[in-house]
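Down below is the structure, laid out as structure tokens.
Each chain gets a letter, A, B and so on, in the order the sequences are listed, and its residues count up from 1.
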Number of protein chains: 4
Amino acid sequence: MGRSSVGNRVPRPTRTESDTERRVAAVPRTTDGDGTPVPQRLLAAATRLFAEQGYDRTSVQEIVEAAGVTKGALYHYFGSKDDLLHEVYARVLRLQQERLDHFAGADEPIEKRLRGAAADVVVTTIENLDDASIFFRSMHHLGPEKNKQVRAERRRYHERFRALIEEGQREGVFSTATPADLVVDYHFGSVHHLSTWYRPDGPLSPQEVADHLADLLLRALRP
Amino acid sequence: MGRSSVGNRVPRPTRTESDTERRVAAVPRTTDGDGTPVPQRLLAAATRLFAEQGYDRTSVQEIVEAAGVTKGALYHYFGSKDDLLHEVYARVLRLQQERLDHFAGADEPIEKRLRGAAADVVVTTIENLDDASIFFRSMHHLGPEKNKQVRAERRRYHERFRALIEEGQREGVFSTATPADLVVDYHFGSVHHLSTWYRPDGPLSPQEVADHLADLLLRALRP
Amino acid sequence: MGRSSVGNRVPRPTRTESDTERRVAAVPRTTDGDGTPVPQRLLAAATRLFAEQGYDRTSVQEIVEAAGVTKGALYHYFGSKDDLLHEVYARVLRLQQERLDHFAGADEPIEKRLRGAAADVVVTTIENLDDASIFFRSMHHLGPEKNKQVRAERRRYHERFRALIEEGQREGVFSTATPADLVVDYHFGSVHHLSTWYRPDGPLSPQEVADHLADLLLRALRP
Amino acid sequence: MGRSSVGNRVPRPTRTESDTERRVAAVPRTTDGDGTPVPQRLLAAATRLFAEQGYDRTSVQEIVEAAGVTKGALYHYFGSKDDLLHEVYARVLRLQQERLDHFAGADEPIEKRLRGAAADVVVTTIENLDDASIFFRSMHHLGPEKNKQVRAERRRYHERFRALIEEGQREGVFSTATPADLVVDYHFGSVHHLSTWYRPDGPLSPQEVADHLADLLLRALRP
DNA sequence: CATGAATGAGTTTTCATTCAT
DNA sequence: GATGAATGAAAACTCATTCAT
């Protein structure tokens with residue numbers, strides 16, 4: 001539950017993933033320092049450094065040094081520095097979409113489902129503040145093609161969330177005073193903002209912040 | 001309502017400002033192409049480019065070319081690229097603080113004053129979207145000293161705004177369910193976020209967006 | 001007896017030297033034009049140019065052009081232009097200390113040992129006039145840390161030499177009229193000065209100059 | 001008797017000197033801070049800065065700031081940065097030549113005259129250590145023409161000094177074991193070297209150092 | 001699989017000097 | 001006499017990427 005956590009899926013652009021999942025020994029043997037395989041180590045190092053210093057301020061050299069490998073190794077696993085950033089995004093997007101789907105699809109009244117989703121995105125954002133910082137500050141560093149791709153996924157997420165609000169508005173439990181689109185942006189603004197002000201050693205736990213922000217959203221939506 | 005607007009104060013890093021304030025004609029007459037003096041031209045070009053491409057992705061070369069001057073001229077007026085960024089910040093901070101003071105000090109009930117301030121910051125942010133983008137994406141590019149300075153001014157602004165909410169809470173017109181601090185961050189999250197999604201050619205005018213967002217804030221604060 | 005001679009040690013700033021000592025073949029085989037490896041070529045070019053034009057007047061561009069490599073290559077081997085200068089110093093200091101130790105530790109009367117050391121430093125200085133010019137004109141260009149390091153080694157050399165004189169003074173074969181410290185500076189003043197006036201095509205061979213200067217020193221020390 | 005002292009002759013390349021000597025009021029009225037006229041202030045500032053940082057490391061901007069004038073003023077009095085350096089040299093050379101002439105032409109035995117000259121150059125060098133540092137470290141920074149000029153004056157000085165030694169050798173009071181030329185360089189080597197090791201707060205006064213060094217010279221010349 | 005030497009275009013910044021006022 | 005804005009060329013250094021081994 002540290003600042004940044006690299007998921008357990010190995011991005012291997014040059015290989016298919018399916019066959020490495022099953023046999024543990026298939027993961028590249030090169031695990032030098034600790035037991036973590038090289039690509040994960042690179043991704044973790046890149047995530048931390050990108051969050052700390054920004055994408056442009058982080059050199060490939062720094063990343064490979066932090067990961068304890070050589071440049072050749074990085075370019076063996078990732079096509080470019082850009083690729084590395086894209087992988088970070090991919091991981092976060094996948095995670096958030098999964099969690100939203102889970103909460104949105106629950107068998108509960110709309111109010112509960114929205115509150116659950118709204119609070120959960122806050123908690124997971126705080127638990128991965130590094131990823132969040134990168135996400136909201138470095139998106140424009142992606143090349144146009146990958147940028148498009150990320151934006152598309154982002155939009156799917158936004159629409160899924162908006163659908164929840166519209167559902168509540170149709171049922172009359174949420175006010176229609178404000179367009180659902182705007183409400184989504186209102187809430188996600190505060191989520192983005194978390195990486196600016198939230199400190200793990202502050203007075204509020206992630207869950208408390210999440211409850212407060214979800215509360216504000218639902219209070220604003222009261223008819 | 002342009003994207004970016006450069007103020008009318010000439011930055012003169014090597015001198016105190018006081019003596020140039022008196023004589024209006026002291027502003028360098030060197031205005032080459034158009035009638036705008038060089039420092040303003042540089043500031044305007046930098047603002048636009050920083051917003052479009054980010055601070056790190058914008059080279060000094062690009063800035064001086066856009067401003068139609070030479071690199072030497074830039075370094076004659078500004079100590080560094082960093083300085084240029086700082087000037088953008090200083091201008092925005094000054095403007096926002098002034099406007100907040102105006103609304104907060106008005107002779108009106110607290111609800112009206114908060115709504116006025118909350119809506120106004122949205123309108124002026126939209127009217128200076130470039131400045132806003134820079135503000136919320138590039139602050140960490142400032143050197144540590146200037147960073148401190150900007151953060152301090154930022155904090156003053158935050159506290160002024162928080163005081164409004166607390167005033168309403170004390171009077172009983174705003175709910176105390178959420179700490180005022182968190183409410184401020186909630187609102188400013190959505191303000192920061194504007195530069196991500198707001199498009200001038202979209203369906204909503206700046207004022208409409210402002211009214212909606214201020215409305216959401218006040219609805220969330222209803223007891 | 002060339003103007004400058006670059007040693008056979010490869011500077012590898014990013015690694016400890018110990019592991020490259022073992023395997024002779026570890027010296028990079030990349031020797032483009034002639035057979036000399038890149039770092040040596042750079043060091044030789046830098047030495048010549050620093051001596052001819054001074055440190056500040058020599059651009060990194062000139063060095064890499066003279067060495068027939070690119071700037072990137074230089075910065076691959078040396079951390080900075082400063083580093084390059086430091087390597088020149090390190091080589092000279094090592095050489096001089098070795099030779100002094102050799103003469104000072106010989107099994108001979110003190111007069112012969114001092115004369116031998118005093119003459120030898122003249123010969124080797126003349127044989128490496130470039131290094132000497134750099135040494136005595138560019139030391140102050142080193143950053144403070146490296147400056148300290150060089151000064152410390154320099155002092156060790158000075159003290160070793162002074163010890164010889166003091167030994168002779170204690171034995172009564174050298175006059176005690178002048179403090180040994182001052183005598184050392186007197187002699188080394190003339191050694192430094194060599195790079196100002198000595199010309200290889202002049203009437204005196206290095207050995208002749210050395211004999212004369214050592215003679216002056218010993219005559220001045222006669223009781 | 002501070003580190004560096006600028007003589008009382010105003011270098012005015014663009015004007016004749018003769019008419020400003022007589023009438024005090026003819027000295028340019030621009031004496032801003034203290035009462036010293038601008039050119040002297042510039043020369044003094046340049047001398048100090050050149051000695052401290054070297055010629056190349058000292059910018060024209062630093063000089064004018066230290067002197068409390070503007071760049072325009074500097075270029076009004078001196079044709080270039082190079083000119084400034086040349087003026088420093090000219091002053092030192094003039095002074096040393098005068099003093100040597102004085103001692104060499106005295107009505108005394110050759111031994112006394114040589115000792116006097118040898119000691120005096122040490123004292124005046126120590127009293128103007130800044131000038132000396134500049135002299136021995138920055139001569140090669142002069143353009144070829146001025147370089148030639150300085151070298152010529154330097155040679156005159158050297159020859160004057162050598163003549164003293166040869167006179168003694170002819171009279172049989174100095175040994176002829178070493179060529180007079182070499183003896184001169186031996187002594188001046190130690191004079192140059194002074195700026196490397198002499199510290200005003202050290203144990204020896206300038207006169208003591210001078211006596212010791214002159215003593216060493218004369219002892220070395222004993223037949 | 002992995003290395004690390006090498007590239008080359010790029011970066012920000014400095015600075016002596018000029019010139020209109 | 002003096003100003004200081006502006007120039008333009010050059011400075012040191014960085015860095016993502018490639019490729020022979």
Side-chain angles (χ1 to χ4, degrees), chain A residues 14 28-30 32 38 56-64 69-84, chain B residues 12 14-15 26-32 37-39 56-64 69-84, chain C residues 12 14-15 26-32 37-39 56-64 68-84, chain D residues 14-15 28-30 32 38 56-64 69-84:
Chain A
T14 52
R29 186 63 39 63
T30 335
D32 288 285
V38 169
D56 280 321
R57 311 284 250 236
T58 303
S59 72
V60 173
Q61 189 60 41
E62 282 178 287
I63 297 171
V64 299
V69 301
T70 63
K71 269 198 268 215
L74 186 152
Y75 281 96
H76 180 72
Y77 290 106
F78 300 92
S80 67
K81 192 183 166 190
D82 208 271
D83 254 32
L84 218 37
Chain B
R12 301 283 259 356
T14 50
R15 302 216 157 222
V27 170
R29 188 54 77 262
T30 331
T31 54
D32 289 285
V38 170
D56 280 323
R57 308 289 251 234
T58 303
S59 73
V60 172
Q61 189 60 41
E62 283 178 289
I63 297 171
V64 298
V69 301
T70 61
K71 263 190 275 208
L74 186 152
Y75 282 96
H76 181 69
Y77 288 105
F78 300 92
S80 64
K81 194 183 164 189
D82 205 270
D83 252 33
L84 217 38
Chain C
R12 302 283 257 356
T14 50
R15 301 215 156 221
V27 169
R29 190 50 80 260
T30 330
T31 54
D32 288 285
V38 169
D56 279 324
R57 307 288 250 235
T58 303
S59 72
V60 172
Q61 191 59 41
E62 282 178 287
I63 297 170
V64 299
V69 301
T70 61
K71 258 190 280 208
L74 187 152
Y75 282 97
H76 181 69
Y77 289 105
F78 301 93
S80 65
K81 195 184 165 188
D82 206 89
D83 251 32
L84 218 36
Chain D
T14 53
R15 303 210 156 223
R29 187 62 40 62
T30 334
D32 289 282
V38 170
D56 281 321
R57 313 282 252 235
T58 303
S59 73
V60 173
Q61 189 59 41
E62 281 178 288
I63 298 170
V64 299
V69 303
T70 63
K71 271 197 269 215
L74 185 150
Y75 282 96
H76 180 70
Y77 289 107
F78 300 91
S80 65
K81 192 185 167 190
D82 208 87
D83 255 31
L84 218 39

Task: Rounded distance in Å - CD (C:Gln61) to C1' (F:dA9) - done: 13 Å

Task: Nearest-0.5 Å distance, CG of residue B:Leu84 to OG of residue B:Ser80 - done: 8.0 Å

Open item on the list: Among F:dA12, E:dT7, E:dG4, which nucleotide has an atom closest to any side-chain atom of C:Thr70?
Closed with: E:dT7

Task: Nearest-nucleotide pick for B:His76, side chain only, options being E:dA6, E:dT13, F:dA6 - done: F:dA6

Open item on the list: Suppose we call a contact any N or O donor and acceptor under 3.5 Å apart; does that hold for the side chain of A:Lys71 and the base of F:dT17?
Closed with: yes

- [ ] Kindly compute the distance separating NZ (B:Lys81) from CG (B:Asp83), expressed to the nearest 0.5 Å.
- [x] 13.0 Å

TODO: By nearest nucleotide on DNA chain E, pick out whichever of B:Glu62 and A:Ala73 is the more 5' one.
DONE: A:Ala73

TODO: Figure out the CG/P separation between B:Leu84 and E:dT11, and round it to whole Å.
DONE: 16 Å

- [ ] Take the protein atom CG of B:Asp56 and the nucleotide atom P of F:dT14, then report the distance between them rounded to whole Å.
- [x] 15 Å

Open item on the list: If I take atom CZ in residue D:Arg57 and atom C1' in nucleotide E:dA16, what distance separates them, rounded to the nearest angstrom?
Closed with: 17 Å

TODO: Identify the nucleotide, in any strand shown, that forms a Watson-Crick or G-U wobble pair with F:dA20, with both distances under 3.5 Å; if there is none, say none.
DONE: E:dT3

Task: D:Tyr75 OH - E:dA20 P separation (whole Å) - done: 17 Å

Open item on the list: Nearest heavy atom decides the nucleotide; on that basis, is D:Asp82 or A:Gly72 closer to the 5' end of DNA chain E?
Closed with: A:Gly72

TODO: Give the rounded distance in Å between these two atoms: CG of A:Leu74 and P of F:dC19.
DONE: 17 Å

Open item on the list: As an exercise, state the distance from CZ of C:Arg57 to CD of C:Glu62, rounded to the nearest 0.5 Å.
Closed with: 11.0 Å

Open item on the list: In whole Å, I'd like the distance from the OH atom of D:Tyr77 to the P atom of F:dT3.
Closed with: 10 Å

- [ ] Under a 3.5 Å limit for both distances, which nucleotide forms a Watson-Crick or G-U wobble pair with E:dG8, could you say?
- [x] F:dC15

Open item on the list: Give me the distance, rounded to whole Å, that separates F:dT21 from E:dC1 when you measure between the C1' atoms they each carry.
Closed with: 13 Å

Task: Complementary nucleotide for E:dT14 - Watson-Crick or wobble, under 3.5 Å - done: F:dA9

TODO: State which of F:dA11, F:dA16, F:dT14 makes the closest approach to the side chain of C:Ser59.
DONE: F:dA11

Open item on the list: Measuring from the side chain of C:Val38 (C-beta onward, heavy atoms only), which nucleotide among E:dA6, E:dA16, F:dT17 has the closest atom?
Closed with: E:dA6

TODO: Please tell me if the side chains of D:Val64 and D:Thr70 come closer than 4.5 Å, counting only heavy atoms from C-beta onward.
DONE: no

Task: Length of the CZ-C1' vector between B:Phe78 and E:dT12, whole Å - done: 16 Å

